Amino acid sequence: MVKILVAGGAGYIGSHVVKAILKAGHQAVVYDDLSSGQRINLFPQAEFIQGDILDYAALKEAMSRNIDAVVHLAGKKAVGESMLVPEKYAVNNITGALNIINAMAECGVKHIVFSSSAAVYGMPEYLPVDEKHPLNPINYYGFTKLEFERNLEWYSRLKDFSYMALRYFNAVGYDAEGDIRGKELNPQNLLPIIIEAATGKRECLNVFGNDYETRDGTCVRDYVHVTDLAKAHVMALEKLMDGAKSEVINLGTNTGTTVKEVIQAAEKVIGKKLNVKYVERRPGDPAELVASYDKAKKVLGWEPDYKNIEDIVRTTWNMENLG
Ligand code: UFG
């Protein structure tokens with residue numbers, strides 16, 4: 001049994017990671033400032049420290065509690081906001097993340113799994129996108145993720161620790177057992193927005209463009225279930241603890257789904273037609289983004305369990321209806 005500090009463990013992906021860590025028989029310490037994470041996402045079996053990654057003293061105190069490894073998911077993630085308020089992203093996603101590895105180095109913690117993003121690639125030059133694809137982020141959010149990956153690379157050499165940077169594609173879905181109930185506040189992503197349109201919290205769903213060169217004119221994305229993402233974090237942690245070398249790994253499904261197909265799946269699961277409006281393209285959206293997960297399979301032995309968009313949507317809809 002190992003003891004893992006999960007920075008951002010009360011957030012959407014973080015809480016699923018905590019569940020997977022506990023399920024694997026390890027101990028978890030959640031470090032979260034609850035700025036977007038939520039108390040309802042905390043597991044009673046996990047220790048909880050309310051703290052900010054910008055508070056170096058608090059971070060160091062947390063890190064000195066016999067921690068064996070860290071999962072860092074305490075980042076800001078709104079792509080649009082990162083272009084308007086880059087300073088917020090510089091401070092949280094770069095300075096805050098550096099605090100984590102500096103505290104690790106001071107406390108002798110040697111392993112970290114980092115929540116990175118497909119946003120480090122920018123506009124895809126070929127599909128499916130593998131880890132050798134050029135890195136040209138087109139938004140500041142993606143830049144912060146890449147910047148920290150590069151710091152990890154340097155620190156792994158200079159401070160002798162190992163890391164796995166996991167580049168998520170489109171994270172969706174909820175824990176199928178209903179253990180995680182925190183709905184994201186002000187969701188920015190397609191599926192939670194669809195749910196808001198279905199439950200009347202929004203008047204309609206705006207689809208950004210239907211004139212792309214894709215099979216139905218709407219954008220193609222690689223939707224990967226959050227429970228599958230969580231499973232990959234545990235696999236990565238266990239590999240690192242076993243002495244595996246540092247790696248950068250895509251987490252996607254090698255399957256592209258259009259916006260229209262997500263809407264159709266949602267209408268089927270929810271049992272009603274959505275009020276859909278086709279509007280202008282959103283700047284910066286690639287027509288198609290799909291991951292190769294060959295490396296995840298090779299290095300971690302990981303494969304997604306969820307391969308069907310309807311099954312994925314159902315987990316979100318079921319959570320919505322837990323009350
Ligand atoms: N979309 C709509 N209407 C909406 C919201 C989204 O049509 O109201 C469309 C987008 O145009 C896109 C697709 O739905 O084609 C998915 O959009 P999301 O905003 O849910 O996700 P993105 O693919 O834009 O972004 C995701 C993650 C980012 C990450 C990026 C690149 O949310 O964190 O993938 O990997 F940076």
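Order of appearance sets the numbers: ligands from 1, and atoms from 1 within every ligand. Small disclaimer: the values here were computed from a predicted structure and weren't measured. These values consider heavy atoms only, across backbone and side chains, with no hydrogens, waters or symmetry-generated copies.
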Quick check on contacts: which atoms of ligand 1 are under 4.0 angstrom from a heavy atom of [X]?
X: Y223; answer: 13 (C), 16 (C)
X: A118; answer: 35 (O)
X: I193; answer: 8 (O)
X: Q188; answer: 19 (O)
X: S117; answer: 29 (C), 35 (O), 36 (F)
X: Y141; answer: 33 (O), 36 (F)
X: N206; answer: 2 (C), 3 (N), 4 (C), 7 (O), 8 (O)
X: V259; answer: 9 (C), 13 (C), 14 (O), 15 (O)

Hey, is [X] close enough to [Y] for a salt bridge, meaning N to O under 4.0 Å?
X: K239; Y: D242; result: no
X: E149; Y: K145; result: no
X: K77; Y: E81; result: no
X: D294; Y: K297; result: no

For [atom], which protein heavy atom lies nearest, and how many Å away is it?
atom: atom 11 (O) of ligand 1; answer: D285 OD2, 2.6 Å
atom: atom 15 (O) of ligand 1; answer: C219 CB, 3.0 Å
atom: atom 28 (C) of ligand 1; answer: V79 CG2, 4.0 Å
atom: atom 25 (O) of ligand 1; answer: N170 ND2, 4.0 Å
atom: atom 20 (O) of ligand 1; answer: L190 N, 2.8 Å
atom: atom 18 (P) of ligand 1; answer: N189 ND2, 3.4 Å
atom: atom 2 (C) of ligand 1; answer: F208 CD1, 3.4 Å

Going through the distances and angles, do V226 and Y306 end up as a side chain to side chain contact (heavy atoms under 4.5 Å, CB included)? CA-CA 9 Å; V226 65; Y306 284 89; over 6 Å; no
Using 0.5 Å steps for rounding, measure from the CG atom of L54 to the CD1 atom of I100. 9.5 Å
Residues two or more places apart in sequence or in another chain: which of them pass salt bridge (charged side-chain N to carboxylate O under 4.0 Å, His left out) with D179? K19
Who gets closest to atom 17 (O) of ligand 1 by heavy atom: R282, R221, K277? R282
Stepwise side chain to side chain contact (heavy atoms under 4.5 Å, CB included) check, I249 with L300: CA-CA 9 Å; I249 294 174; L300 302 177; 3.9 Å; yes
Keeping D130 on the side-chain end and S292 on the backbone end, is there a donor-acceptor pair under 3.5 Å? no
Just by distance, no angles: are the side chains of N102 and Y155 close enough, under 3.5 Å, to form a donor-acceptor pair? yes
With sequence neighbours left out, what residues match D32 under side-chain hydrogen bond (donor to acceptor under 3.5 Å, both in side chains)? none
Under-4.0 Å heavy-atom contact between protein and atom 30 (C) of ligand 1: no
